[in-house]
Asker: 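The structure under discussion is supplied below as structure tokens; questions concerning it will follow.
For the numbers below, each heavy atom of this structure counts, side chains included, while hydrogens, waters and symmetry mates do not.
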Number of protein chains: 2
Amino acid sequence: MAEARARGRPRGFDEGRALDAAVRLFRAEGYDGAPVDRLCREMRVPRATLYDLFGGKEGLFLAAVARYADTRIAPVLAALGPSGTLRDDLAAFYDAVLALATADPEAPGCLVSCALADAAGSNTGFRAELAARYAAMEGRIAARLMAAGWDVQAATPPQAAAALAASIARGLMLAARSGTEAAQLRPTAEAAVGALLALHPEGAPGHG
Amino acid sequence: MAEARARGRPRGFDEGRALDAAVRLFRAEGYDGAPVDRLCREMRVPRATLYDLFGGKEGLFLAAVARYADTRIAPVLAALGPSGTLRDDLAAFYDAVLALATADPEAPGCLVSCALADAAGSNTGFRAELAARYAAMEGRIAARLMAAGWDVQAATPPQAAAALAASIARGLMLAARSGTEAAQLRPTAEAAVGALLALHPEGAPGHG
DNA sequence: TCTATTTCAGAACATTCGTTCCGTAAATTG
DNA sequence: CAATTTACGGAACGAATGTTCTGAAATAGA
């Protein structure tokens, strides 16, 4: 099943690793703060090829966001399971959030909730992308809550609880951005789990 | 007690209103996205005067953040009271958060949690500023919780609950940034109040 | 080997950026 | 009125920006 060799000159870089480098730079410097020149150098992608592949800086940024979602956010959502009790899965979720937020000590925080959120101010396309990413995360959390028997007609419906859970995750990302260590954030994450479970109509924790 | 008139030519602008314009532009476009030229024009401040007053773009940005904190964030914190039950004050607090987040429909969100958080990636001074602003808010919330009799030695100490409450506020700011209307955010804010109160060791709501 | 196709390396482009500087305008002090 | 002090308006600077272009390099098919 090996891909047939492309026709022209082969690329001297791996697209996935190149996008990883773009993610790193955009996350550290922001959209406006990351010059195309540096992006090309650290991605090891020639300018001409970059424009052929992504159309321009905006396209590259969106591609980097997609790469980030696929490789960094997806595992965080996967921690939701269901693979244990709701309490266990929520705790694992916030552990993964903290791990992601503090993964790069030089530039903590989240590409979506820092760089993309900032760039969304003036660029409507970026704002739509931000809304879509947020909606996806909230939908995934709501599904997990409903799998735990969270009644859609509860005083706090699963969608509202999911939006709250997602807001907390974003808030933690920002706290990490300010330099707060993961260890200092853990009590907040634990409080978050307890507070969310308290909204559960089934009352007692421990539901699959 | 009227101020003695200054010695030289009087300024043709009001510094407070000028900073308000800077806040507007920085919030909409971000730090890197707001050119000094446009800042001068919309602030109605000459370039030379701007550099005399603030030293440069970084100084102006920090001054804008301070102005924003004094005029926009302070009222939000003031809503915490204590002026009613803890539930009432927390509800008023999140109402004020939503009002601030959606104040400018063209560029929703928070100057601190969007522009400053993004710029904090590469600028250590900005990161320290971000940390200080966050710490101030959390301290203020923790004080309110302790005024409600929240035991420092509780399972969830007031500092952790305050950090959680602040994280939720930041998450709501980001949700607004993505274009979500205040009306759609209100259920999340209500859920936040309920979830936080559930952590209160005194158990029953309604404490002053 | 010759052609077609794709990628590469770097120069070149017009803008835009943050900052500095200079001469002029408008006020207070003596 | 002179002298001083502060603010204004705009030109000017070098550096950096996103993008485009040109020709050479490297591969596959004929």
Asker: May I have the distance from B:R44 (atom CZ) to D:dA7 (atom C1'), rounded to whole angstrom?
Answerer: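 The answer, rounded to whole Å, is 17 Å.
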Asker: Any side-chain to backbone donor/acceptor pair from B:D89 onto B:S83? Under 3.5 Å, distance only.
Answerer: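 Between the backbone of B:S83 and the side chain of B:D89 there is a qualifying donor-acceptor contact (under 3.5 Å).
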Asker: Nearest to the A:K57 side chain among D:dT19, D:dC21, D:dC8, which nucleotide is it?
Answerer: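 The answer is D:dT19, which lies nearest to the side chain.
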Asker: Identify which nucleotide among C:dC8, D:dC8, D:dT19 has an atom closest to any side-chain atom of B:R9, counting heavy atoms from C-beta outward.
Answerer: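 Output: D:dC8.
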Asker: Under 6.0 Å between the ring centres of B:F54 and B:F61?
Answerer: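 Between B:F54 and B:F61, the centre distance exceeds or equals 6.0 Å.
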Asker: Report the residue (A:A48 or B:G55) whose heavy-atom-nearest nucleotide on DNA chain C is the more 5′ of the two.
Answerer: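 It is A:A48, whose closest nucleotide lies nearer the 5' terminus.
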Asker: Give the nucleotide from the list D:dT27, D:dC21, C:dA26 with an atom nearest to the side chain of A:P10.
Answerer: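 Side chain of A:P10 sits closest to D:dT27.
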Asker: Taking for each residue the nucleotide of DNA chain C with the nearest heavy atom, is it B:G8 or A:T49 whose nucleotide lies nearer the 5' end?
Answerer: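 So the residue in question is A:T49.
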Asker: Check the distance between C:dT19's C1' and B:F61's CZ and give it to me in whole angstrom.
Answerer: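 Going from CZ in B:F61 over to C1' in C:dT19 covers 19 Å.
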Asker: Given D:dC8, D:dG18, C:dG18, identify the nucleotide with an atom nearest to the side chain of B:Y51.
Answerer: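 That would be C:dG18.
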Asker: Any idea how A:Y31 and A:F126 line up, ring-wise: parallel (<30°), tilted (30 to 60°), or perpendicular (>60°)?
Answerer: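 Correct class here is perpendicular.
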Asker: Starting from C1' on C:dC8, measure out to CZ on A:R41 and report it in whole angstrom.
Answerer: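 Going from A:R41 (CZ) to C:dC8 (C1'), I get 17 Å.
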Asker: A:P35 side chain: which of D:dT17, D:dT27, D:dA11 is closest?
Answerer: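 My answer, after comparing the listed nucleotides, is D:dT17.
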Asker: Atom CD1 of A:I168 and atom CG of B:L172: how far apart are they, to the nearest 0.5 Å?
Answerer: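 With rounding to 0.5 Å, CD1 (A:I168) is 9.5 Å from CG (B:L172).
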Asker: Ignoring the backbone of A:V36, work out which of C:dC8, D:dT20, D:dG18 is nearest its side chain.
Answerer: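 Among the listed nucleotides, the one closest to the side chain of A:V36 is D:dG18.
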Asker: Let me know the distance between OH of B:Y31 and P of C:dC17, rounded to the nearest Å.
Answerer: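 Atom-to-atom, B:Y31 to C:dC17, this comes out as 13 Å.
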Asker: C:dC21 C1' sits how many Å from B:L50 CG, rounded?
Answerer: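 Rounded to whole Å, this separation is 16 Å.
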Asker: Tell me the interatomic distance from B:E58, atom CD, to C:dC17, atom P, rounded to whole angstroms.
Answerer: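 Going from B:E58 (CD) to C:dC17 (P), I get 17 Å.
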Asker: How close or far is atom P of C:dG10 from atom CG of A:D37, stated in whole angstroms?
Answerer: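 For the pair A:D37 CG and C:dG10 P, the rounded distance is 11 Å.
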Asker: Counting side-chain heavy atoms from CB outward, which of D:dT5, C:dT20, D:dT20 is closest to B:R7?
Answerer: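 Of D:dT5, C:dT20, D:dT20, D:dT5 is nearest to the side chain of B:R7.
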Asker: Assuming nearest nucleotide by heavy-atom distance, tell me which of B:R47 and B:F13 is located more 5' along DNA chain D.
Answerer: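 The answer here is B:F13.
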Asker: What is the distance from CZ of B:R11 to P of D:dT5, rounded to the nearest Å?
Answerer: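 To the nearest whole Å, that distance equals 17 Å.
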Asker: Please check this pair: side chain of A:R67 against backbone of A:L19, looking for a donor-acceptor N/O pair closer than 3.5 Å.
Answerer: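 Flag not set: sc A:R67 to bb A:L19 has no pair under 3.5 Å.
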